[in-house]
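Bear in mind the structure is a predicted one, so any value in this text is a computation, not a measurement.
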Amino acid sequence: MIPLFEQYPLLKEKIPYTQLGTFPTPVRHLKNLGKKMGIDYLYLKDDGLSSTMYGGNKVRKLEFLLGDALHKGAKEVLTFGFAGSNHALATAVYTRKLGLKSISILLAQPNAWYVRRNLLFSHVCGAELHHFRNEIAAYIPTIIILLQKKVRLGKFPYIIGPGGSSPLGAIGYVNAGFELREQVSMGLIPEPDTIFIPLGTMGTALGLSIGLKAAGLKTRVVPVRVTDEKYANKKKFFKLFEKTMALALSLDASFPRVEISADEMDIQHDFFGEQYACFTEQGMAAIDLLERSEGIRLEGTYTGKAMAALIDHLRRNGARNEVILFWNTHNTRNFSDVINEIDYHQLHRRFHRYFEEDVQPLDKHPSE
Ligand SMILES: *Cc1c(COP(=O)(O)O)cnc(C)c1O
């Protein structure tokens with residue numbers, strides 16, 4: 001049973017949950033990188049291994065979101081993201097596993113090898129993929145027509161917002177806070193002072209912040225912004241915080257009334273670069289450094305930027321006795337065997353540009 005439900009049985013009774021992943025995810029001591037950087041207590045929590053099918057941070061959210069979709073009798077799930085969205089892919093993988101179908105509304109983004117891989121894997125999973133070039137607002141009429149068609153067929157989809165970062169999705173990371181506390185009490189890792197984690201649609205960093213506090217840990221979360229500030233900012237963070245707390249408390253009044261002050265949320269803005277999914281020199285250098293010292297490979301859109309913030313923190317502050325945990329949110333399961341034989345011409349022609357145009361110059365790892 002997941003640690004959150006063990007602690008709060010009322011939540012277990014009230015929240016439909018479907019297990020998709022393999023938990024707890026491992027924690028690793030980054031001994032070599034720590035030695036290089038002059039810090040003894042440097043660790044990584046590997047949510048890249050959250051599932052054998054497709055890992056990463058979306059699995060924890062989808063256990064709650066798809067649990068709810070099943071409970072509501074949905075047959076199809078509609079979600080949103082950019083073209084290479086890990087969230088849209090995870091949704092495609094796990095809806096198929098549960099016998100549901102997924103529909104993804106995808107927006108244009110900078111090209112990268114992972115965009116190609118994710119599109120092909122989503123396609124293999126039977127996802128219905130739609131591509132739009134501009135802001136989602138311009139396509140609302142098109143989306144309404146799509147939904148009207150579904151209504152006529154009697155298949156109104158369960159809707160999951162971008163990144164799965166609704167209050168219910170964030171509960172997956174509230175649980176992750178309790179999971180980490182178990183690993184601390186088992187002696188697998190000392191209680192972290194600081195956790196570095198990417199900040200996209202915010203459900204991950206937010207849920208984790210609530211979970212750690214509710215579990216009684218003193219750990220500080222440092223979210224590293226990797227999306228445009230209009231999606232990831234303090235105001236939105238606290239709005240989602242209020243809603244997530246309200247959800248938890250409405251289901252179980254004994255859930256701790258956690259508080260987070262605005263000062264505490266030290267969002268890092270300096271590692272974002274030019275735009276979402278545009279890799280940075282600093283991010284790629286951090287990826288190479290981790291790979292050379294520990295053999296773990298991150299990616300340029302999310303985790304590389306968060307690792308760059310961690311490295312910068314170590315360079316500036318020394319931090320010899322600080323216990324620092326890097327939370328890896330990116331899938332590390334190789335799925336190249338599944339997509340090897342797939343011809344991109346099977347995708348709608350609007351996606352062909354990602355296969356025909358060059359990837360961005362800093363993207364050098366086709367096989368990852
Ligand atoms: C989606 C994603 C994130 C961001 O998580 P949010 O909950 O959207 O903030 C971080 N890392 C990876 C690899 C992701 O796919």
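- Y54 and F335 have perpendicular rings, their planes meeting at more than 60° on a 0 to 90° scale where under 30° would count as parallel.
- Other members of the cluster containing Y43 are V27, Y41, Y173, L180, V184, M186, L188, I189, I195, I197, L208, L212, L217, V221, V323, L325, W327, with ILVMFWY side chains joined at under 4.5 Å, either directly or via other members.
- Residues T22 and S50 form no side-chain contact, since every pair of their non-hydrogen atoms from C-beta on lies 4.5 Å or further apart.
- Side-chain contact between V174 and F255: present, with at least one pair of heavy atoms (C-beta onward) separated by less than 4.5 Å.
- T95 and K101 share no donor-acceptor pair across their side chains, judged by distance under 3.5 Å alone.
- No salt bridge links R28 with D46; every basic N to acidic carboxylate O contact stays at or beyond 4.0 Å.
- Considering all non-hydrogen atoms of both residues, V226 and P198 come closest at CG1-CB, 4.2 Å.
- Note on D270 versus K305: no salt bridge recorded, every NZ/NE/NH1/NH2 to OD/OE distance being 4.0 Å or above.
- Sorted by first then second residue, the ring pair (Phe, Tyr, Trp, His ring centres under 6.0 Å) pairs that include residues 227-254, not counting sequence neighbours, number zero.
- At least one side-chain heavy atom of I324 sits less than 4.5 Å from a side-chain heavy atom of F196.
- No donor-acceptor pair closer than 3.5 Å links the side chain of D363 to the backbone N or O of V359.
- A donor-acceptor contact shorter than 3.5 Å links the side chain of K45 to the backbone of T25.
- The aromatic rings of F64 and F5 stand perpendicular to each other, their planes meeting at an angle above 60°, with 30° marking the opposite boundary.
- Here the side chain of N111 pairs a donor or acceptor atom with the backbone of D358 at under 3.5 angstrom.
- Residues K97 and Q19 come closest through the heavy atom pair NZ-O, 4.4 Å.
- Checking S261 against D263 by side-chain atom types alone, no donor-acceptor pair falls below 3.5 Å.
- Checked by atom type, the side-chain pair H130/S104 shows no donor-acceptor distance below 3.5 Å.
- A heavy-atom distance below 4.5 Å is found between the side chains of I39 and L42.
- Linking Ile, Leu, Val, Met, Phe, Trp and Tyr residues whenever their side-chain heavy atoms come within less than 4.5 Å leaves M53 and L49 in two separate clusters.
- To the nearest 0.5 Å, the span separating NZ on K61 from OG on S166 amounts to 8.5 Å.
- In this structure, S165 and T201 approach most closely via the heavy-atom pair OG-OG1, 2.7 Å.
- In summary, D312 and R316 engage in a salt bridge, as defined by a charged side-chain N under 4.0 Å from a carboxylate O.
- In this view, F82 and Y276 satisfy the ring-ring contact (aromatic ring centres under 6.0 Å, His included) rule, not counting sequence neighbours.
- Interatomic distance, I287 CD1 to L298 CG, rounded to the nearest 0.5 Å: 6.0 Å.
- Heavy-atom contacts from other residues, nucleotides or ligands closer than 6.0 Å to NZ of K36 number more than 12.
- Considering all non-hydrogen atoms of both residues, A286 and G304 come closest at CB-O, 4.0 Å.
- Residues T219 and E191 meet the side-chain proximity criterion, which asks for heavy atoms closer than 4.5 Å.
- In this structure, the side chain of Q183 does not engage the main chain of S185 through any donor-acceptor pair within 3.5 Å.
- Distance check: L290 CG to F326 CZ gives 7.5 Å after rounding to the nearest 0.5 Å.
- A donor-acceptor pair is defined here as one N or O able to donate and one able to accept, closer than 3.5 Å; no such pair exists between the side chain of E182 and the backbone of P3.
- Within 6.0 Å of atom CD in Q346, more than 12 heavy atoms from other residues, nucleotides or ligands are found, so the atom counts as buried in its surroundings.
- The hydrophobic cluster containing I140 does not contain F132, counting ILVMFWY residues as joined when their side-chain heavy atoms lie under 4.5 angstrom apart, directly or transitively.
- Across C278 and P110, no two heavy atoms sit closer than the pair N-CG, 4.3 Å.
- Among residue pairs with one or both ends in residues 8-18, those qualifying as side-chain hydrogen bond (donor to acceptor under 3.5 Å, both in side chains) are Y17-E63; sequence neighbours excluded.
- Using a 3.5 Å distance cut-off with no hydrogens or angles, the side chains of Y354 and Q109 do not pair a donor with an acceptor.
- Note: I296 CD1 to T332 OG1 = 9.0 Å, rounded to the nearest 0.5 Å.
- Residues H131 and H348 keep their aromatic ring centres 6.0 Å or farther apart.
- For K58 and Y302, the positive end sits near the middle of the six-membered ring, less than 6.0 Å away and at most 45° from its axis.
- Distance alone, capped at 3.5 Å, places no donor-acceptor pair between the R96 side chain and the C125 backbone.
- Counted within 6.0 Å of CD on E357, heavy atoms from surrounding residues, nucleotides or ligands total more than 12; the atom is thus considered enclosed.
- In the displayed structure, R315 atom CZ is contacted under 6.0 Å by at most 12 heavy atoms of other residues, nucleotides or ligands.
- The hydrophobic clustering, which links ILVMFWY residues whose side-chain heavy atoms are closer than 4.5 Å, places L249 and F178 together.
- Note that CD1 of I15 is 9.5 Å distant from CG of D68, once rounded to the nearest 0.5 Å.
- A search for side-chain contact (heavy atoms from CB on, under 4.5 Å) contacts involving I267 returns L199, P223, R225, K234, H269, not counting sequence neighbours.
- Atom CD of E341 has 12 or fewer heavy atoms from other residues, nucleotides or ligands within 6.0 Å.
- Of the charged side-chain nitrogens involved, none lies within less than 4.0 Å of a carboxylate oxygen, so that E264 and R220 do not count as a salt-bridged pair.
- A salt bridge links D193 with K218: the closest approach of a Lys/Arg side-chain nitrogen to an acidic carboxylate oxygen falls below 4.0 angstrom.
- Within the 3.5 Å criterion, the main-chain N or O of A277 finds a donor-acceptor partner in the side chain of Q360.
- Counted by atom type alone, S51 and Y94 present one or more donor-acceptor pairs between their side chains at under 3.5 Å.
- Not a single donor-acceptor pair under 3.5 Å links the side chain of S122 to the backbone N or O of L119.
- The shortest side-chain heavy-atom distance between Y158 and L66 does not fall under the 4.5 Å cut-off.
- A salt bridge links K150 with E128: the distance from a Lys NZ or Arg NE/NH1/NH2 to an Asp or Glu carboxylate oxygen falls below 4.0 Å.
- One hydrophobic cluster holds both L78 and V151 under the rule that ILVMFWY side chains link at heavy-atom gaps under 4.5 Å.
- In this structure, the separation between CZ on R116 and CG on L120 is 9.5 Å, given to the nearest 0.5 Å.
- Enclosure of atom CD in E259 is not indicated, since only 12 or fewer non-hydrogen atoms of other residues, nucleotides or ligands lie within 6.0 angstrom.
- Of the options T303, N86, T204, T329, a side chain to side chain donor-acceptor pair (under 3.5 Å) to N57 is made by T204 and by none of the others.
- With 3.5 Å as the limit, one finds a donor-acceptor pair spanning the side chains of E322 and T194.
- Cluster annotation: I342 is connected to L89 through the hydrophobic network of ILVMFWY side chains, with a link wherever side-chain heavy atoms come within less than 4.5 Å.
- Between A309 and V224, the shortest heavy-atom contact is CB-CG2, 3.6 Å.
- Under the salt bridge (Lys or Arg N to Asp or Glu O under 4.0 Å) criterion, E294 pairs with no residue at all, not counting sequence neighbours.
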